[in-house]
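To start, the structure under review is shown below, and the notes come after it.
Chain naming here is simple, since letters A, B, ... match the order of the sequence lines and numbering starts at 1 in each. All values below come from the heavy atoms of this structure, side chains included, with hydrogens, waters and symmetry mates left out.
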2 protein chains.
Amino acid sequence: MSRPESPELLRLDRQLCFPLYAAARLTQRLYKPYLEPLGLTYPQYIVLMILWEEGPCSVRRINERALLQTNTTTPLLKRMAQMGLVERKRAQHDERVVMIHLTEAGWALRSQCACIPGRLLDTVDVPGEDLVALKQQLDHLVVRLEKAVAAGGRPEHR
Amino acid sequence: MSRPESPELLRLDRQLCFPLYAAARLTQRLYKPYLEPLGLTYPQYIVLMILWEEGPCSVRRINERALLQTNTTTPLLKRMAQMGLVERKRAQHDERVVMIHLTEAGWALRSQCACIPGRLLDTVDVPGEDLVALKQQLDHLVVRLEKAVAAGGRPEHR
DNA sequence: GGTAAAAAGATCGTGCACGATATAATCGCG
DNA sequence: CGCGATTATATCGTGCACGATCTTTTTACC
């Protein structure tokens, strides 16, 4: 069956993606007071979490985990290198690959960031179990969205 | 009780805000094939939905509903005026206020956009009731985030 | 081994997003 | 009435985000 095309569906409060868009921006605003003193932006913090977890990574690997693309991460990683948080080294076995290594300063930020997730949870003041449920649904949605984007944005035809 | 500060909480897959951030970007990518042929970006589409729903709005009103700020919306609205979708008129009763009026072309886009929400729902292929539940939780989260941001990002002290 | 295709990054241009600051109009209150 | 505070919008600078295109290296296959 086809979906209706009524103008009712164009009301802002009927959209799923608007609260998604709004919540993502609002949470980044809440992170700012914690990240700015460390000289970090939110996407840089994401990249650091990946490197803290995995150790040295290729740019490609970072893109995969952060769901970003090279044209975003290349300048971002260059800024992080400029700040002395990472080093960019061409892989010897494949000269195309750029490996990103944390410096001492990059590792040192880990302990300074350790309190941030907890602080943010306190700030938002939503019951923990609600957040867990929401996170599960969001994770599931992200998987679906990745598939849809990979499929070229065309509807699934199962 | 205070929250733990373990490095475990710094794992990317433990973050709530990362799937939020990722889902918001991925959905915007899914909108692009529908919006780009109309010459629209996603934030412009949001503003149009507000204007279709409310009629002429002040910039302030648009900012409130879109949860954006003047430094984002002013250039955005100027581009939309350049495209001939809206007109910007100073209010006669208060010269500070800029009222945004849809032009004929702006209204005409409404019917062209009517199919977009349905198409996106088909694309993502998640059961409707799951999306409804997720939307409710997200709406609730946005309210909490707005309060937290308004409170200056400091934890609630009830 | 030689060349076409694929893969990994880099670059460019445009448009958000937002903190900080500026400017002009209006309001409040003594 | 007058003037300081508030409000509405604008401007500036920086950093994403991404589509499109480019370069270089590697791979595949004849």
Side-chain angles (χ1 to χ4, degrees), chain A residues 18 21-37 39-47 57-64 66-83 85 88-100 149 152-153, chain B residues 18 21-37 39-47 57-64 66-83 85 88-100 149 152-153:
Chain A
F18 176 69
Y21 164 70
R25 287 184 296 105
L26 291 172
T27 53
Q28 286 198 42
R29 287 192 213 170
L30 288 181
Y31 269 99
K32 188 149 290 186
Y34 298 103
L35 294 177
E36 198 167 37
L40 294 176
T41 65
Y42 182 71
Q44 289 168 8
Y45 171 67
I46 297 292
V47 168
C57 283
S58 65
V59 172
R60 171 181 162 75
R61 178 62 180 155
I62 290 174
N63 290 340
E64 282 172 359
L67 300 180
L68 287 168
Q69 295 166 277
T70 306
N71 45 11
T72 298
T73 47
T74 291
L76 187 149
L77 291 167
K78 283 188 175 179
R79 278 187 288 269
M80 291 177 73
Q82 193 80 22
M83 291 188 270
L85 299 179
R88 300 155 43 76
K89 302 175 184 169
R90 291 272 165 190
Q92 66 282 28
H93 67 283
D94 186 341
E95 283 285 329
R96 292 173 301 180
V97 175
V98 172
M99 295 295 291
I100 308 295
V149 168
Chain B
F18 175 69
Y21 164 71
R25 286 185 296 104
L26 292 172
T27 53
Q28 287 199 40
R29 285 191 213 170
L30 288 182
Y31 270 99
K32 187 151 291 186
Y34 298 104
L35 294 179
E36 199 167 37
L40 295 175
T41 65
Y42 182 72
Q44 289 169 8
Y45 172 67
I46 297 291
V47 168
C57 282
S58 65
V59 172
R60 171 181 164 72
R61 177 64 179 155
I62 290 174
N63 290 340
E64 283 172 0
L67 299 179
L68 288 168
Q69 295 166 275
T70 305
N71 46 11
T72 298
T73 46
T74 291
L76 186 150
L77 290 168
K78 284 188 174 176
R79 278 186 289 269
M80 291 177 73
Q82 193 80 23
M83 288 188 268
L85 301 180
R88 300 154 43 75
K89 302 177 183 170
R90 290 275 166 187
Q92 65 282 30
H93 67 284
D94 186 340
E95 283 286 329
R96 293 171 302 181
V97 175
V98 172
M99 295 296 291
I100 308 296
V149 168

Nearest-angstrom distance from the residue atom [atom1] of [X] to [atom2] of [N]:
X: A:R79; N: C:dA10; atom1: CZ; atom2: C1'; answer: 14 Å
X: A:L30; N: C:dG19; atom1: CG; atom2: C1'; answer: 15 Å
X: A:R60; N: C:dA6; atom1: CZ; atom2: C1'; answer: 11 Å
X: B:N71; N: C:dT21; atom1: CG; atom2: P; answer: 13 Å
X: A:I62; N: C:dA8; atom1: CD1; atom2: C1'; answer: 13 Å
X: A:Q28; N: C:dG19; atom1: CD; atom2: C1'; answer: 14 Å

Please work out which of the three classes, parallel, tilted or perpendicular, describes the rings of A:Y42 and B:Y21, given edges at 30° and 60°. perpendicular

Expected output: side-chain [X] to main-chain [Y] donor-acceptor under 3.5 Å:
X: B:R88; Y: B:M99; result: no
X: A:T72; Y: A:L68; result: no
X: B:Q44; Y: B:T41; result: yes

Of all heavy-atom pairs between A:V149 and B:L26, which one has the smallest distance, and what is that distance? CG2-O, 3.9 Å

With a non-hydrogen cut-off below 4.0 angstrom, is [X] in contact with a base, only sugar-phosphate, or nothing?
X: A:T72; value: base
X: A:Q44; value: sugar-phosphate
X: B:T41; value: sugar-phosphate

On DNA chain C, does the nearest nucleotide to A:T74 precede the nearest nucleotide to A:Y21 from the 5' side, or the other way round? Give the residue. A:T74

Which comes earlier along DNA chain C counting from the 5' end, the contact point of A:S58 or that of A:R25, where each point is its nearest nucleotide? A:S58

B:S58 and B:V98, any side-chain heavy atoms less than 4.5 Å apart: no

Any side-chain heavy-atom pair of B:Q28 and B:R25 under 4.5 Å: no

Who are the side chain to side chain contact (heavy atoms under 4.5 Å, CB included) partners of A:Q69, not counting sequence neighbours? A:N71, B:R29

If you assign each of A:A91 and B:V97 to its closest nucleotide in DNA chain D, which residue comes earlier from the 5' end? B:V97

More 5' along DNA chain D: B:V98 or B:K32, using each one's nearest nucleotide? B:V98

Any N/O pairs under 3.5 Å between the protein and nucleotides 24-29 of chain C? List them or say none.
{"unit_1": "C:dT26", "atom_1": "OP1", "unit_2": "B:E95", "atom_2": "N", "d": "3.0"}

Roughly how far, to the nearest 0.5 Å, is the OG1 atom of B:T70 from the CD1 atom of B:I62? 10.5 Å

What are the 5'-most and 3'-most nucleotides of DNA chain D lying under 4.0 Å from any heavy atom of chain B? D:dT7 to D:dG19

For C:dA10, does OP1 or OP2 lie under 4.0 Å from any side-chain N or O of A:R88? yes

